[in-house]
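The next block holds one structure in the form of structure tokens; read it before the comments.
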Amino acid sequence: MRAQKKPAALLLLLFAIDALHASRRKQKDKLIQTTTNICDISDRDSKIHCYCDHSQEINEAVKTECWVFNGGIEKSDSLWSSFISQSNIENLAFNVRADGGLSFVPTNVLKYLRKLRNFSVKFSSIKNIESYSFVNLTTVQEMTLTKNQIVTLSKYAFFNLPNLTILTLDENRINKLVTETFYELPSLEKLYLTSNNISVIEGGTFKHLVNLLELELDRNNISELKKECFNGLANLKRLDLRRNNLSILNSFTFTELWNLQELLLDYNEIYILAQRTFDGLSQLKKLSLSHNKLVSLINGLFEGVRGLSALDLRHNKLKKFTFDNVRPIYDNLKKQKSFIYLEGNEFDCDCHLAWMHKLRHEARSIKVRTALENFVCKFNADPSINVHLTFYEKSVIESNNLFEDDKNHDKDYKDNLDDLFQDETEEEFVEEPKIIRKENEKTLLQIPVELLPCPAATKSVTDKTYTYPSQNEAKDYRNLIITSNSYKACATIFPFVFLVLLHLKGLY
Ligand SMILES: *[C@@H]1O[C@H](CO)[C@@H](O)[C@H](O)[C@H]1NC(C)=O
Ligand SMILES: *[C@@H]1O[C@H](CO)[C@@H](O)[C@H](O)[C@H]1NC(C)=O
Ligand SMILES: *[C@@H]1O[C@H](CO)[C@@H](O)[C@H](O)[C@H]1NC(C)=O
Ligand SMILES: *[C@@H]1O[C@H](CO)[C@@H](O)[C@H](O)[C@H]1NC(C)=O
Ligand SMILES: *[C@@H]1O[C@H](CO)[C@@H](O)[C@H](O)[C@H]1NC(C)=O
Ligand SMILES: *[C@@H]1O[C@H](CO)[C@@H](O)[C@H](O)[C@H]1NC(C)=O
């Protein structure tokens, strides 16, 4: 009896299991039938159309580009859940058309995509990246949110993206960066925030980005930097702050960035650099400060950046660049791959610049030599010296002996093409059209060192920024005087006589 009962029960059980399977199968068929394949939307009125690469079959698309049309799409739209039909997408881009609208991050879609590596949204009207919009996407490596309308990034907007390497937020209207926005992003190497409206960076904003290598903040509205802004960026190699509204930089601003190699500060309003602004940047190789409002450089400015070998100071209002200024980096400038760009300033032709003659002969870099050969300064000396100089210049040009060793350097030129900074500087360093030189401008290297005036004393009357020469500078002057001819003596004695006269008149 017992032996007969068992098969009957088993049969019943098997039947039940079968029925369950059948109903599940039915459900699944139904699911596939009702779920739109996002790669194969035939409805012309659909708000989203996607073009899929590799294949359009269910779960076969790898690369998908979706266009948002037709008056905008709501968060609740059932179309979003259709992305479950393509769960193997690796590359997903949303482009919002002018007649469309997308005002939020489609966070739910991202959860279906277990292999997503690259995600991008363009031309949306997203205003705010809310907390946890991008959370726990373990596979995503690159995210691009260029050309949207983003104004704010909430705390935890980007949270726990263990594989995110590049995050691009260019061309939005972000006005402020706050702490904890970028959180648990251990692989992030590049953060691009070009062309936004950032004027405030809270201290500690980047403190979790310990592996960040590149930070672009150019074309924003930053007018103040505190050293706390850069907390945590111990591995940063390149910082781009071009085209902001910086005017004063305080000591130790960049001191947290002890691996920084390249600092770009061009096109700001900088007119004050504190003596220790760049202290701590012991790895810095390239510093560019072109198109600012610098009138003078304080001695010791480069003491903290002794590795600096590429310096761009074009288009400021500099009158002087003394040997004391350049001393900490002088030996670097002799090296093959270095450069120093100084054109577009208001340098006076005087003995403070005598070091340029020396560097021109010691430098191995064609860029340094060319820059120095083309270096122009204002010569406002006694007219009789001018006459003499014109005569001298003529003889120099005729005999062409000043640069006679140029041929020996042709070989170096090739080597220079391997320049560390080549890609950048070659495209940046546009040869500017030669401005017709003003009456009083001279090519410095065509003025013999001993004819450079040394107006140290008059400076103290006319130039508030003048600081007394250091021991070494004073020694340089003495040497110059010893080796000079009568013109030199005249140029140094003249201010002395002038001062005595002022003194006698009770003006000094
Ligand atoms: C990721 O997407 C961006 C924007 O669509 C694109 O520029 C980039 O090449 C893509 N990267 C990869 C690895 O496919
Ligand atoms: C993200 O992952 C963390 C840790 O794995 C978990 O605690 C958290 O709930 C997740 N958040 C979301 C929104 O899924
Ligand atoms: C992160 O990226 C690496 C290499 O790009 C890959 O091998 C790894 O599987 C990724 N991790 C996850 C969780 O996808
Ligand atoms: C930039 O931010 C300022 C406030 O800091 C605001 O007045 C201005 O309208 C913003 N500009 C744009 C283009 O969003
Ligand atoms: C820059 O920010 C200041 C406030 O810090 C604001 O008044 C100004 O309008 C902003 N400039 C631009 C061009 O948005
Ligand atoms: C730059 O900052 C100054 C204040 O430091 C402000 O007066 C000026 O409006 C700013 N310029 C721009 C273009 O925002």
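Both ligands and their constituent atoms are indexed starting at 1 by order of listing.
Atoms of ligand 2 found under 4.0 Å from any heavy atom of V135, numbered from 1 in the order shown, are 13 (C).
Under a 4.0 Å N-O distance rule, the pair E216/K190 does not qualify as a salt bridge. Salt-bridge formation is not detected for the pair E90/K115: no Lys NZ or Arg NE/NH1/NH2 atom is positioned less than 4.0 Å from an Asp or Glu carboxylate oxygen. A salt bridge does not link R314 to E343: none of the charged nitrogens lies less than 4.0 Å from a carboxylate oxygen.
Given atom 11 (N) of ligand 5, the protein heavy atom at minimum distance is N221 ND2, 2.8 Å. Protein heavy atom closest to atom 1 (C) of ligand 2, with residue, atom name and distance, is N136 ND2, 1.5 Å.
Atom 4 (C) of ligand 2 is never approached by the protein to below 4.0 angstrom, counting heavy atoms only. Counting only heavy atoms, the protein gets under 4.0 Å from atom 14 (O) of ligand 2.
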Stepwise side chain to side chain donor-acceptor pair (under 3.5 Å) check, D218 with T194 | CA-CA 5 Å; D218 51 313; T194 298; 2.7 Å; yes
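Of the options N197, N175, I174, the smallest heavy-atom separation from atom 8 (C) of ligand 4 is shown by N197.
Between Y267 and H291, the ring-plane angle classifies as parallel under the 30° and 60° cut-offs.
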